[in-house]
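Each ligand, and each atom within it, is numbered from 1 in the order the structure gives. Hydrogens, waters and symmetry mates are skipped; everything else that's a heavy atom, side chains included, is used. Bear in mind that the values here come from a model prediction, so they are computed numbers and not experimental data.
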Amino acid sequence: MYENLLSRFLNYVKTETRSDHESTTTPSTATQIAFAHELENEMKGLGLKDVFYNETNGFVMGTLPANTDKDVRTIGFIAHMDTADFNAENVNPQIIENYDGTSTIRLDKEGKYTLNTKDFPNLKNYAGQTLITTDGTTLLGADDKSGIAEIMTAMEILISHPELKHGTIKVAFGPDEEIGVGADKFDVAEFGADFAYTMDGGPVGELQFETFNAAQAEITIEGKNVHPGTAKDTMINAIQLAVDFQNMLPQEEVPEKTEGAQGFFHLMAISGSPEEAKMSYIIRDHDREAFENRKKQITAVAEKINSRFEHPRVHVHQYDQYYNMREVIEKDMTIVELAKNAMLALDIQPVIEPVRGGTDGSKLSQMGLPTPNIFAGGENMHGRFEFVSLQAMEKATDVIVKIAEMNAAD
Ligand SMILES: [Zn+2]
């Protein structure tokens, strides 16, 4: 069933598709366009229909027509083509067959970087499995090429096993998830699915339908600079106001002191001189009301500082980035139930926890395509310690096939 899964995956990770947050094009890098065309050819070769590359949004899409007369909902499966902000040149995947679950895996020749159970206790979950790791110089790109390989392999299985009955399945592979803009131009109507799943989660069992609500705040502070020798009662040091601003926010509500369902303010960047200072915050909370209150808190701190001066010195520009997909998905929980039941039918224990972040599904759900996230199997994403097990990818492939089948069952 899975004979092409590994070769497919290895082929994808060796193709460089890193995204670039400084680029203003869609996709952000030309390597993603080239990869999209490779996937387009492969999809056509498998026998998917209506395969096309959309130049406007960088998505390559295709359709697996229904093989049942039943009126069942159209499901989409989505994965992203780009890799994270880490060296992705000449990815050289290493294969460790029948890993024993305890020994240390040397990544580079010198042995400077290792996967060991002390730093990465999750390794113990992979006894007896085939691991694919990096050679210590790059990331692996299992995020999200495992997702692409799984979807592609699941389509191959469904096509070669016509006895497996399913409704219409839509497939989409898109750009620039890692720089947070990939889904912005997605065309929900063109895709034509009733709901979808991103195959972009971590270890086996992950099923996510709750993400952060997210906003960014840009703070600009106007100072008044004079000679420090004669500054008394005249100088307004913009840097000092920036320090005051940060200190007036709740000191415990920062990423390094929060977990689970706790939200935060994260000061991401600060720069300045006495004349002018700039700060960038991201604001995150799963709860919508708490999220709205956090944005008000930012405004209130600015107003408090401004009240000390004749004219406002602190200027706040806040904008929302994405919302908790739960707001949309909980209107029809059958979408989550279907994925959960597919996992249970395959003896996979679903792990349903809120994501402390966003997914492409956060935006897609808001755009009218409810899109929970399912595990793709990778561990230690976005760096040289990234790895994935072949068996985890097989399980994710099984989940896709099972969802398609169960959706068309009585
Ligand atoms: Zn991803």
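Protein N/O/S atoms closer than 2.8 Å to the Zn ion (ligand 1): H80 NE2, D143 OD1, D200 OD1, D200 OD2.
Cation-pi geometry between K224 and F309 is not satisfied (NZ or CZ under 6.0 Å from the ring centre, within 45° of the ring normal).
Note: Y2 and F9 fail the aromatic proximity criterion, with ring centroids not under 6.0 Å apart. Here the two rings, on H37 and Y53, have centers that are under 6.0 Å apart.
T68 and G167 make their closest contact through CG2-N, 4.1 Å (heavy atoms, listed as atom of the first residue, atom of the second, distance).
Below 30°, between 30° and 60°, or above 60°: for H317 and Y319 the angle between ring planes is between 30° and 60°, a tilted geometry.
The distance from atom CD of E177 to atom CG of D143, rounded to the nearest 0.5 Å, is 6.5 Å.
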